[in-house]
Amino acid sequence: MPEGLEAEIWRRAAQPLVGRVIHQAWADHRVAPDGFVDQLVGRRIDAVRRVGKVVLVDTDGATLGLHLGMTGRLEVDGAAPIDRLEYSSGADLAEWDRLRLWTDIDPKRVCALRMNDPRRLGRLSLDADLTAIGPDALTLDTSQLVERLVGRRAAIKALLLDQSVVGGLGNLCVDEVLFWSGVAPNRAADELTLDDLDRITAACRERLASMLAAGGSTNGMLSPALRAARGVCPLDGTALERATIGGRTTIWCALHQR
DNA sequence: CGGCATGTTTCGCC
DNA sequence: AGGCGAAACATGCC
């Protein structure tokens, strides 16, 4: 489920953790660095932030990074801000837990913070270097995008998915942004006009904000249901195109995206 | 059973 | 050297 929008939803939901002290921690060692638990127990949570798709828990010691991968989800005090994964049944087995944190104040007597990830593509980090992640999609402006695209000739979709170009965009959001921008995903980045890039950054700010308010990445016009159904363009009724671009399944309208 | 899935990293080829 | 595409990772679900 996690693109930047989901990470933002979880970041907001985790704010009640700020000020608490971590009393106990458990992690699946296969997805956590050595010494993980020892570096967190006894630490006070100072802030919960987000960089791109990564949720960061700052403590008075290390900063815990939650990289949700393809199927990771979070619960705070036993509540899941996003309860169902789009491409899974909604099952939530204890054996899929990758992180459990308890604090000095656990109102519901359950984990203050729990990460559950069936597919185990997610990771836990401590003081990870995230400096390579580009400007955030939710506030992206055209000058930032131009700067990051200089010298790049790959398909615009592949570059928007690259976290070092723009932070937070995943497969669904990129398709949605390009859909509203009227730019075809297979266009070479160096052939786009400034006007194209303006429409892309405007779509990032406006459409992503509205998807965030609606609950996340699955709330675009190109819904997962429409993607799977191989339907028609909701704007003009043209049969949607489908191809692999940037290594990911891509949906677009060849009539209004050029 | 075959194929697909909201992601990232690695490898080899230009 | 660095950009780029394909493969690998790991597992569940239809």
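Numbers restart at 1 for each chain; the letters A, B, ... are given by sequence-line order, proteins then strands.
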Length of the line joining A/Leu172:CG and B/dC4:P, which is rounded to integer Å: 16 Å
Between A/Arg119 and A/Val54, just flag the one whose closest nucleotide in DNA chain B comes earlier from the 5' side. A/Arg119
In this structure, would A/Leu172 and A/Met221 fall into the same cluster of hydrophobic residues linked by side-chain contacts under 4.5 Å? no
Can you tell me how far C1' of B/dG7 sits from CZ of A/Arg123, to the nearest Å? 11 Å
When the distance from CG of A/Leu66 to C1' of B/dG7 is rounded to whole Å, what number comes out? 15 Å
Under a 4.0 Å N-O cut-off, is there an ion pair linking A/Asp175 with A/Lys157? yes
Using a 4.0 Å cut-off on heavy atoms, which residues in residues 152-163 of chain A reach DNA chain C? List them by number, or say none. A/Arg152, A/Arg153, A/Ala154, A/Leu159
Between A/Asp190 and A/Arg153, does any side-chain N to carboxylate O distance fall below 4.0 Å? yes
Given 3.5 Å as the limit, does a donor-acceptor pair link the side chain of A/Arg20 with the main chain of A/Ile105, or not? yes
Spacing of A/Asp117 atom CG relative to C/dG12 atom P, expressed in whole Å: 11 Å
Write down the distance between NZ (A/Lys53) and C1' (B/dT9), rounded to a whole number of angstrom. 13 Å
I'd like to know if A/Arg258 and A/Asp196 make a salt bridge, using a cut-off of under 4.0 Å between side-chain N and carboxylate O. no
Expressed as a whole number of angstroms, how long is the span from A/Leu68:CG to B/dT8:P? 10 Å
Can you list the steps and then say if A/His256 with A/Phe179 is a ring-ring contact (aromatic ring centres under 6.0 Å, His included)? CA-CA 8 Å; A/His256 87 266; A/Phe179 177 85; 4.8 Å; yes
What interatomic distance, in whole Å, is found between P of B/dT9 and the corresponding atom of C/dA1? 22 Å
Roughly, in whole Å, what's the span from CG in A/Asn171 to C1' in B/dA5? 10 Å
Separation of A/Leu149 atom CG from C/dG2 atom P, in whole Å? 18 Å
Thinking salt bridges, do A/Arg148 and A/Asp162 make one under a 4.0 Å N-O criterion? no
Under 3.5 Å on both distances, the Watson-Crick or G-U partner of C/dA10: none
Contact under 4.0 Å: A/Trp96 side-chain N or O vs C/dA10 OP1/OP2: no
Contact list for DNA chain B against residues 241-251 of chain A - heavy-atom distance below 4.0 Å: A/Arg242, A/Arg248, A/Thr249
So does A/Arg120 reach the base of C/dA10 with its side chain, donor to acceptor, closer than 3.5 Å? no
Only residue of A/Leu159, A/Asp198, A/Ile200, A/Leu192 satisfying side chain to side chain contact (heavy atoms under 4.5 Å, CB included) with A/Leu145 is A/Ile200
side-chain hydrogen bond (donor to acceptor under 3.5 Å, both in side chains) pairs touching residues 237-246 of chain A, sequence neighbours excluded, are A/Asp236-A/Thr238
